[in-house]
Amino acid sequence: MRKIIFLALSLFSVSVFSANVWHTSAIKTVYPLASGDYVVIFANNSSCAREDGYHYVSVGSNGVTLEGSKNMLSVLLSAAAMQKPV
């Protein structure tokens with residue numbers, strides 16, 4: 001019984017390591033999609049972007065809520081208008 005409990009607890013205590021990678025760049029394009037989602041294209045590609053350099057922002061993906069998506073879009077458009085990096 002103790003072995004089973006030990007194995008169960010060890011499965012839940014596995015550590016996962018990830019690197020904190022920050023990307024700062026000016027915004028090249030913000031492209032709205034028909035679904036209400038949008039695509040952000042930065043002037044300098046990041047290492048985590050797809051091959052085409054697109055960053056998709058969609059509600060329900062990666063914990064993005066509708067309000068969060070609206071807030072991100074507002075910040076992106078403001079930064080693009082002022083030509084500031086984000």
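Along the sequence shown, residues are numbered consecutively beginning with 1. Quantities reported herein were computed from a predicted structural model and do not represent experimental measurements.
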Using 0.5 Å steps for rounding, measure from the CE atom of Met72 to the NE2 atom of His55.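 Going from the CE atom of Met72 to the NE2 atom of His55 covers 13.0 Å.
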Are Val30 and Leu33 connected into the same hydrophobic cluster when the rule is that any two of I, L, V, M, F, W, Y join if their side-chain heavy atoms are below 4.5 Å apart?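 No: no chain of side-chain contacts under 4.5 Å links Leu33 to Val30.
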Does the [X] side chain pair with the main chain of [Y], one donor and one acceptor, at a distance under 3.5 Å?
X	Y	answer
Ser25	Asn44	yes
Ser69	Thr65	no
Tyr56	Tyr38	no

Heavy-atom side-chain contact between [X] and [Y] under 4.5 Å:
X	Y	answer
Asp37	Val57	no
Leu73	Leu77	yes
Phe42	Ile27	yes

